[in-house]
Amino acid sequence: MSQARELYEQLPYPQVVVVGGGFAGLEMVKGLNGKPFKVLLLDKQNHHCFQPLLYQVATASLSADSIAHPFRTTIAPMSNVAFRMCSALSVDPVARVVHTDRGEVAFDILIIATGSSTNFFGNTRMEQEAMQLKTISQALDIRSDFLQDFEAALYAQDEADQRQCLNFVVVGGGPTGVEMAGALAEIRRTVLKREYRELDSDRMQIWLVDSNDRVLKSFSERNSIRARDYLESMGVHVKLGARVTDYDGEVVSFSTGERMASHTVLWAAGVKGVLLPGLAAAEVPKANRYSVDRYNALIGFKDIYALGDVALMLEEGREHGHPQVAPAAIQQARWLVRNLLRSNSGSTMEPFEYRDKGSMATIGRYKAVVDMGRVHIGGLLAWLAWMFVHLMALVGFRNRLQVLMGWAWKYLSWRNTVRLIIRPYVRKATVTEQESSVTTP
Ligand SMILES: Cc1cc2nc3c(=O)[nH]c(=O)nc-3n(C[C@H](O)[C@H](O)[C@H](O)COP(=O)(O)OP(=O)(O)OC[C@H]3O[C@@H](n4cnc5c(N)ncnc54)[C@H](O)[C@@H]3O)c2cc1C
């Protein structure tokens with residue numbers, strides 16, 4: 001056994017197991033660094049992913065490594081922290097172990113920060129056919145897919161075929177959907193027009209569909225209207241009061257009865273918490289989150305906490321819990337660190353208080369919206385504020401520098417440069433066709 005491992009194993013502190021190194025989990029680990037706890041971070045990935053900028057990887061503005069940060073780099077200087085790459089499969093709260101795909105992990109204190117996954121609301125065909133944006137791997141799939149569509153459009157037999165290749169349907173008018181639709185509109189204006197000269201760029205159509213009566217429903221009405229105006233000025237068709245009900249990989253069906261041929265549907269219409277079997281008593285099925293008290297402790301369990309997207313903390317004025325956003329996850333983690341330290345030193349824990357710092361979304365160059373209390377700004381100022389906040393929130397100096405350089409290049413040169421199809425995206429329909437062609441006599 002190496003000396004470092006021996007020292008870690010011999011630490012005379014309670015074993016804290018943190019499942020998930022997203023915004024909440026990583027903040028937790030950083031907060032417990034150097035404190036009297038033996039911390040073990042478990043994650044199925046070997047890196048933290050900065051999800052707010054995933055859409056820029058998906059739309060070829062940023063490289064994947066500029067928004068991902070290896071856990072081992074972060075924890076290398078932390079002698080009381082270890083990392084294991086594995087998938088947590090379930091929890092046994094009586095035996096106090098987490099079952100993983102690599103074996104059992106014992107805990108004294110368990111912190112579940114598994115985040116959320118895309119919610120298809122039970123529509124299995126949609127889940128199979130539509131693209132989603134939650135991980136770097138999915139962002140790279142989207143990037144490959146739209147570039148492959150552009151290339152395929154050049155081989156299209158007729159106009160209808162070509163339009164289908166260039167028809168992009170984004171479902172969900174929240175920040176992710178709005179940002180994706182805006183970024184695709186910029187690609188049409190720059191990449192498609194300039195570099196696919198043989199294609200008529202007007203044939204690329206972008207649809208943003210939402211069942212609500214406005215986009216960015218959680219924002220102020222003023223900024224919702226502003227965002228919609230920006231999108232429409234960029235040529236995005238904003239289709240409100242309509243739901244996408246089905247997609248077979250070729251044709252999208254709407255609740256209005258309309259049908260539209262498209263090779264790409266991006267589903268950004270909701271998320272659900274990633275729950276671990278074994279803690280059903282604290283699950284809130286409709287919300288797909290764990291019911292936690294004001295200390296983030298799972299209701300009905302001892303020494304088990306949940307943070308971030310997977311935690312549902314009800315309080316007056318927050319009947320649906322806190323928003324599933326990075327600041328809520330980070331604040332809960334910081335608060336829990338303080339509470340664990342308080343508890344360790346014999347003081348009582350204090351109930352969590354959320355500080356809403358506002359919301360922001362960017363639609364395109366010089367076009368963003370920011371809500372901060374009663375202040376609702378848009379345009380250049382909001383865009384600069386959005387860039388500054390996201391830059392500062394990234395993990396690691398190298399990532400910040402890389403993103404800054406990426407943006408400087410993109411906005412000065414009007415080019416989305418990261419347009420490599422390295423790992424071609426194989427459409428599920430194609431896989432099924434190939435499989436069936438092999439098995440059919
Ligand atoms: C495309 C997109 C854009 C977004 N934009 C914004 C934005 O602009 N502003 C904002 O504030 N928020 C934004 N969000 C939301 C924000 O990213 C989440 O609220 C935040 O990541 C939640 O943090 P978390 O720590 O709860 O979970 P996450 O950050 O999702 O981390 C969960 C971690 O758990 C790991 N994990 C999951 N299951 C297991 C398992 N079984 N075993 C081991 N490890 C596991 C995952 O690999 C991951 O590392 C966006 C989200 C997406 C998807």
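Order of listing sets the numbers, starting from 1, for every ligand and every atom in it.
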message = When you compare ligand 1 with S116, is there at least one nitrogen or oxygen pair between them that comes in under 3.5 angstrom?
response = no
task = Go through the side-chain N and O atoms of W335 and N296 and say whether any donor and acceptor fall under 3.5 Å apart.
result = no
message = What protein heavy atom lies closest to atom 19 (O) of ligand 1? Include the residue and the distance to one decimal.
response = D309 OD1, 2.8 Å
message = Counting only heavy atoms closer than 4.0 Å, does ligand 1 sit against the backbone of D43, its side chain, both, or neither?
response = both
ask   = Just heavy atoms, cut-off under 4.0 Å: does H390 contact ligand 1 by side chain, backbone, both, or neither?
value = side chain
task = Can you sort out which atoms of ligand 1 are near A329, meaning under 4.0 Å from one of its heavy atoms?
result = 23 (O)
ask   = What protein heavy atom sits nearest atom 15 (C) of ligand 1, and how far away is it?
value = Q324 O, 3.6 Å
note = Per-atom filter on ligand 1: closer than 4.0 angstrom to a heavy atom of Q45 are 47 (O)
task = Using distance alone, decide if ligand 1 has a nitrogen or oxygen within less than 3.5 Å of any nitrogen or oxygen in E179.
result = no
ask   = Between K44 and ligand 1, which part of the residue brings a heavy atom under 4.0 Å of the ligand: side chain, backbone, both or neither?
value = both
ask   = Side chains of D371 and S359: is there a donor and an acceptor less than 3.5 Å apart?
value = no
message = Counting non-hydrogen protein atoms only, what is the nearest one to atom 20 (C) of ligand 1? Give residue, atom name and distance.
response = F23 CD1, 3.5 Å
query = What is the nearest protein non-hydrogen atom to atom 34 (O) of ligand 1, stated with its residue, atom name and distance?
reply = G20 CA, 3.2 Å
Nitrogen or oxygen atoms of A326 and ligand 1 under 3.5 Å apart = yes
note = of all protein heavy atoms, closest to atom 50 (C) of ligand 1 is Q51 CB, 4.2 Å
Check: D309/S116 side-chain N/O donor and acceptor closer than 3.5 Å = yes
request  = Carefully, step by step, assess L184 and L266 under the rule side-chain contact (heavy atoms from CB on, under 4.5 Å).
outcome  = CA-CA 11 Å; L184 286 169; L266 290 155; 4.1 Å; yes
note = Honestly, for C86 the part within reach of ligand 1 (heavy atoms, under 4.0 Å) is backbone
key: Check ion pair D303-R96 (N to O, under 4.0 angstrom)   = yes
query = Out of L133, L276, V57, who gets a non-hydrogen atom closest to atom 53 (C) of ligand 1?
reply = L133
query = N/O to N/O below 3.5 Å, does that happen between A88 and ligand 1?
reply = yes
inquiry  = So that I can tick it off, tell me whether R214 and D210 are bridged by a salt bridge, with the cut-off set at under 4.0 angstrom between side-chain N and carboxylate O.
reply    = no
inquiry  = Return the closest protein heavy atom for atom 25 (O) of ligand 1 as residue, atom name and distance.
reply    = A24 N, 2.8 Å
ask   = To which of V271, T176, V325 does the heavy atom nearest atom 2 (C) of ligand 1 belong?
value = T176
key: Atoms in ligand 1 with a heavy atom of G115 nearer than 4.0 Å   = 26 (O), 27 (O), 30 (O), 32 (C)
inquiry  = Show the atoms of ligand 1 that are less than 4.0 angstrom away from any heavy atom in S87.
reply    = 42 (N)
request  = Just say parallel, tilted or perpendicular for the rings of F83 and F71, cut-offs at 30° and 60°.
outcome  = tilted
ask   = Which atoms of ligand 1 are found less than 4.0 Å from any heavy atom of V274?
value = 38 (N)
key: Minimum-distance pair of heavy atoms, taken over all atoms of V91 and F107   = CG1-CE2, 4.2 Å
message = Consider side-chain contact (heavy atoms from CB on, under 4.5 Å). Of Q331, R338, R334, which one does F352 pass it with?
response = Q331
task = May I ask you to check whether T264 and D145 show a side-chain donor-acceptor distance below 3.5 Å?
result = yes
Taking atom 9 (N) of ligand 1 as the reference point, the nearest protein heavy atom with its distance = P52 CG, 4.0 Å
query = Salt bridge or not for K367 and E186, using N-O below 4.0 Å?
reply = no
query = Does one side chain, of R243 or S255, offer a donor that lies under 3.5 Å from an acceptor on the other?
reply = no
ask   = Counting from 1, what ligand 1 atoms have a heavy atom of P327 closer than 4.0 Å?
value = 11 (O)
inquiry  = So that I can tick it off, tell me whether E129 and R125 are bridged by a salt bridge, with the cut-off set at under 4.0 angstrom between side-chain N and carboxylate O.
reply    = no
request  = Just jot down the ligand 1 atoms closer than 4.0 angstrom to any heavy atom of G22, in number order.
outcome  = 25 (O), 28 (P), 29 (O), 31 (O), 33 (C), 49 (O)
Selected option - heavy-atom contact closest to atom 38 (N) of ligand 1, from T114, V98, T100 = T114
key: E350/R342 ion pair, N-O < 4.0 Å   = yes
query = Do any N or O atoms from the side chain of N46 and from the backbone of P70 form a donor-acceptor pair under 3.5 angstrom?
reply = no
message = Can you name the atoms of ligand 1, numbered from 1 with element, that are less than 4.0 Å from a heavy atom of A113?
response = 32 (C), 33 (C), 34 (O)
